[in-house]
Peer 1: 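Sharing a structure, written as structure tokens. Questions coming.
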Amino acid sequence: MSDRNVRVICRIRPMNEKELKSGGRCCVSVAPPQTVSVVAANERASADDRTFIFDRAFSENSTQQELFEVAAKPVVDSVLEGFNGTVFAYGQTSSGKTHTMEGVADDTELRGIIPRMVQHVFDVVGAADKHIQYTLKVSIFEIYMEKVRDLLTAATSGIPDIRISEEGKGKGIVLKGLSEHAVATGEEVWALMVRGRENRSVAVTNMNAHSSRSHMLFCLTVHKRDIREFKSSVGKLYLVDLAGSERVQKSGAEGTTLDEAKKINLSLLTLGNVINALTDASSRHVPYRDSKLTRVLQDSLGGNAKTTLIITASPSTYNEAETLSTLRFGQRARAIKNDARVNQEYTVEELKALLAKAEKTIARQAREIEELERLVKRLGGTKRLSQVRDAVAMATADSDTSEDGATKATRHAAVAAGGGKGTGMRWYQRLWLCPPFAPLSTKRDELRVVPVTSDASSYTAE
Ligand SMILES: Nc1ncnc2c1ncn2[C@@H]1O[C@H](COP(=O)(O)OP(=O)(O)OP(=O)(O)O)[C@@H](O)[C@H]1O
């Protein structure tokens with residue numbers, strides 16, 4: 001699977017009490033590392049459309065740490081290097097999305113992806129070289145009843161709906177008015193998580209005593225500055241716990257909960273339509289704008305981001321239809337292609353410093369070129385020396401400043417004069433040792449080549 005594709009990871013949870021009580025039996029089998037099959041209820045059903053291949057498949061015995069290592073850590077590492085990244089969990093209500101994303105905060109074994117990610121980020125930041133500086137900011141918001149609500153502002157009621165806009169072509173989606181909170185420790189992030197969760201919309205349904213009625217999005221922005229190289233990048237990580245898809249009748253939803261369920265199902269339906277459009281070559285329009293959820297996730301689906309989708313499902317016959325629908329959704333999403341790139345950015349100071357550095361390099365190279373041209377003039381005329389002139393031109397044209405100009409000119413000259421790739425020569429020194437330089441005898445004209453090493457980087461100007 002290409003690095004450009006959305007990675008899809010499937011996690012099947014253990015049977016719960018309700019499923020056991022209802023007489024449901026296990027109908028899902030996981031064949032690690034990649035295959036999940038749903039055993040057909042009757043023999044006439046084809047096994048083909050019930051077998052699914054994902055980037056990884058985890059059974060009910062999987063641990064939170066395994067999930068983090070495979071599903072989230074590679075994405076988090078990319079964000080620390082300046083990429084955008086998204087990890088999101090999708091599945092029917094009570095299938096284990098919140099368990100996977102958040103888990104049990106104060107239990108080291110049961111902690112989910114978000115607390116592990118926080119720990120990992122601060123481990124990396126703490127171990128970084130002195131010339132690398134990180135600034136981390138956190139935002140937490142939910143999409144509830146097609147409204148984007150900041151979960152970290154003091155009062156969540158009465159605050160204006162956050163506006164979603166696009167900052168020009170290719171610049172990504174921006175949430176206008178969303179609060180950002182600078183964080184320096186894992187504890188600070190955790191305190192924000194607790195605050196965000198307290199403000200999230202949840203309700204009791206037949207299927208789950210703490211069912212999430214909104215899509216919750218945790219956003220970590222990482223500014224990385226390399227003060228030695230004058231390089232900066234900004235990576236954005238979205239961790240998304242989607243509200244569960246559910247059949248209204250089965251969940252017993254009514255009143256507000258019914259309205260919520262309709263809106264949840266609408267946005268998940270749009271998510272499915274977006275995925276279908278992105279994976280259907282004949283489709284010309286991707287309906288990102290049909291829901292707030294798909295609009296916010298626009299960069300993560302078919303855009304500039306590295307994305308992992310975790311699909312969670314029940315193993316019970318009681319939820320067989322929902323499980324099949326989730327697995328099909330995941331299968332389809334696996335074909336989405338993204339185009340992730342590092343988001344480089346420069347401050348005015350960094351641009352000024354880069355300019356000063358470039359001007360210095362240009363001045364030094366101009367001096368070196370003058371010197372080499374003087375040398376060529378003094379040697380002038382022979383066939384070999386015209387090759388030396390070409391070499392000077394090559395060195396001048398080469399804009400790579402990573403190698404010292406004189407070394408590079410010398411190396412090109414050495415190659416032109418017959419040293420060839422993989423041969424070092426102390427030609428500079430030998431020329432100066434042969435005064436006067438012109439006229440050189442035929443023998444002397446053939447600059448002598450002294451093999452040093454096959455490593456081109458060890459050519460020296462002496
Ligand atoms: N892999 C798992 N191992 C053990 N327990 C799990 C697992 N997945 C889910 N559970 C348990 O199942 C219950 C429901 O899970 P969870 O709340 O994560 O579902 P959900 O998909 O987030 O539901 P909703 O969409 O309604 O919010 C929880 O009590 C959770 O601890």
Side-chain angles (χ1 to χ4, degrees), residues 1-11 34-38 40 45-57 71 75 78 83-92 95 97 143 146 164-166 168-173 215 217 238 240 242-247 262-313 320-341:
M1 162 133 294
S2 139
D3 196 33
R4 291 187 55 207
N5 285 74
V6 168
R7 289 168 73 235
V8 180
I9 287 161
C10 175
R11 185 182 207 186
Q34 288 187 284
T35 310
V36 180
S37 313
V38 180
S46 154
D48 285 354
D49 57 2
R50 291 173 161 258
T51 300
F52 304 86
I53 310 277
F54 299 105
D55 292 279
R56 282 294 292 274
V75 178
S78 297
F83 287 92
N84 293 335
T86 305
V87 179
F88 68 110
Y90 174 96
Q92 80 171 112
S95 60
K97 299 180 296 295
I143 301 173
E146 279 303 279
I164 306 170
S165 68
E166 208 167 344
K169 203 170 162 36
K171 290 207 174 152
I173 292 293
H215 309 299
L217 293 92
Y238 276 116
V240 188
L242 295 178
S245 53
E246 62 204 30
R247 280 197 279 153
K262 282 183 184 163
K263 287 275 195 278
I264 292 167
N265 286 346
L266 182 79
S267 59
L268 293 175
L269 183 74
T270 308
L271 182 61
N273 291 341
V274 163
I275 288 174
N276 286 343
L278 286 168
T279 53
D280 177 357
S282 65
S283 173
R284 292 199 175 167
H285 170 69
V286 183
Y288 290 117
R289 286 173 182 271
D290 287 3
S291 80
K292 292 275 165 60
L293 175 68
T294 47
R295 190 92 173 99
V296 171
L297 291 181
Q298 187 166 330
D299 288 331
S300 312
L301 298 165
N304 174 21
K306 295 198 174 195
T307 298
T308 298
L309 164 66
I310 304 170
I311 51 165
T312 53
E320 188 180 329
E322 289 88 346
T323 295
L324 269 171
S325 143
T326 299
L327 297 177
R328 286 185 183 128
F329 176 92
Q331 191 80 95
R332 190 101 200 171
R334 200 167 170 238
I336 298 176
K337 286 192 170 51
N338 279 6
D339 185 16
R341 53 194 180 270

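Since the model is a prediction, treat every value here as computed from it, not as a measurement.
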Peer 1: What's the spacing between Ile275 CD1 and Arg332 CZ if we round to 0.5 Å?
Peer 2: 9.5 Å

Peer 1: Can you see which heavy atom on Leu309 is nearest to which on Gly330, and at what distance?
Peer 2: CD2-CA, 4.4 Å

Peer 1: Testing the basics here: between Phe52 and Arg328, what is the closest heavy-atom pair and its distance to 0.1 Å?
Peer 2: CE2-CG, 3.8 Å

Peer 1: How close do Tyr288 and Leu301 get, heavy atom to heavy atom, and via which atoms?
Peer 2: OH-O, 2.6 Å

Peer 1: Atom CG of Leu271 and atom CG of Leu293: how far apart are they, to the nearest 0.5 Å?
Peer 2: 5.5 Å

Peer 1: Taking all atoms of both residues into account, what is the closest heavy-atom pair of Val6 and Ala333, and its distance?
Peer 2: CB-O, 3.7 Å

Peer 1: Does the Thr308 side chain pair with the main chain of Ala71, one donor and one acceptor, at a distance under 3.5 Å?
Peer 2: yes

Peer 1: Counting only N and O atoms by type, is there a donor-acceptor contact under 3.5 Å from the side chain of Asp299 to the main-chain atoms of Ile173?
Peer 2: yes

Peer 1: Which value, rounded to the nearest 0.5 Å, describes the distance between Lys337 atom NZ and Thr279 atom OG1?
Peer 2: 10.0 Å

Peer 1: Answer yes or no: is there a side-chain heavy-atom contact under 4.5 Å between Ser267 and Thr294?
Peer 2: no

Peer 1: Ignoring hydrogens and geometry, is there a side-chain-to-backbone donor-acceptor pair from Tyr90 to Leu268 under 3.5 Å?
Peer 2: no

Peer 1: Just jot down the salt bridge (charged side-chain N to carboxylate O under 4.0 Å, His left out) partners of Arg56, sequence neighbours excluded, or say none.
Peer 2: none

Peer 1: Which residues satisfy the side chain to side chain contact (heavy atoms under 4.5 Å, CB included) test with Arg289, sequence neighbours excluded?
Peer 2: Glu166, Arg295

Peer 1: To the nearest 0.5 angstrom, please state how far the CG atom of Leu242 sits from the CZ atom of Phe88.
Peer 2: 6.5 Å

Peer 1: Look only at the side chain of Asp55 and the backbone of Val8, and say whether a donor-acceptor pair between them is shorter than 3.5 Å.
Peer 2: yes

Peer 1: For Val36 and Cys10, which heavy atoms make the closest approach, and how far apart are they?
Peer 2: CG2-SG, 3.8 Å

Peer 1: Would you find a donor on one side and an acceptor on the other, under 3.5 Å apart, between the side chain of Ser37 and the backbone of Thr51?
Peer 2: no

Peer 1: List the steps and the verdict of side chain to side chain contact (heavy atoms under 4.5 Å, CB included) for Asp290 and Asn273.
Peer 2: CA-CA 9 Å; Asp290 287 3; Asn273 291 341; 5.7 Å; no

Peer 1: Give a yes or no on whether the backbone of Glu322 and the side-chain of Thr326 come within a donor-acceptor separation of less than 3.5 Å.
Peer 2: yes

Peer 1: What residue among Ile9, Thr35, Leu327 forms side-chain contact (heavy atoms from CB on, under 4.5 Å) with Phe54?
Peer 2: Leu327

Peer 1: Kindly say whether Lys292 contributes a backbone atom to a donor-acceptor pair with the side chain of Glu146 at under 3.5 angstrom?
Peer 2: yes

Peer 1: Ignoring hydrogens and geometry, is there a side-chain-to-backbone donor-acceptor pair from Asn338 to Ser300 under 3.5 Å?
Peer 2: yes

Peer 1: With distance as the sole test, does Lys97 use its side chain to make a donor-acceptor pair with the main-chain N or O of Gln92 at under 3.5 Å?
Peer 2: yes

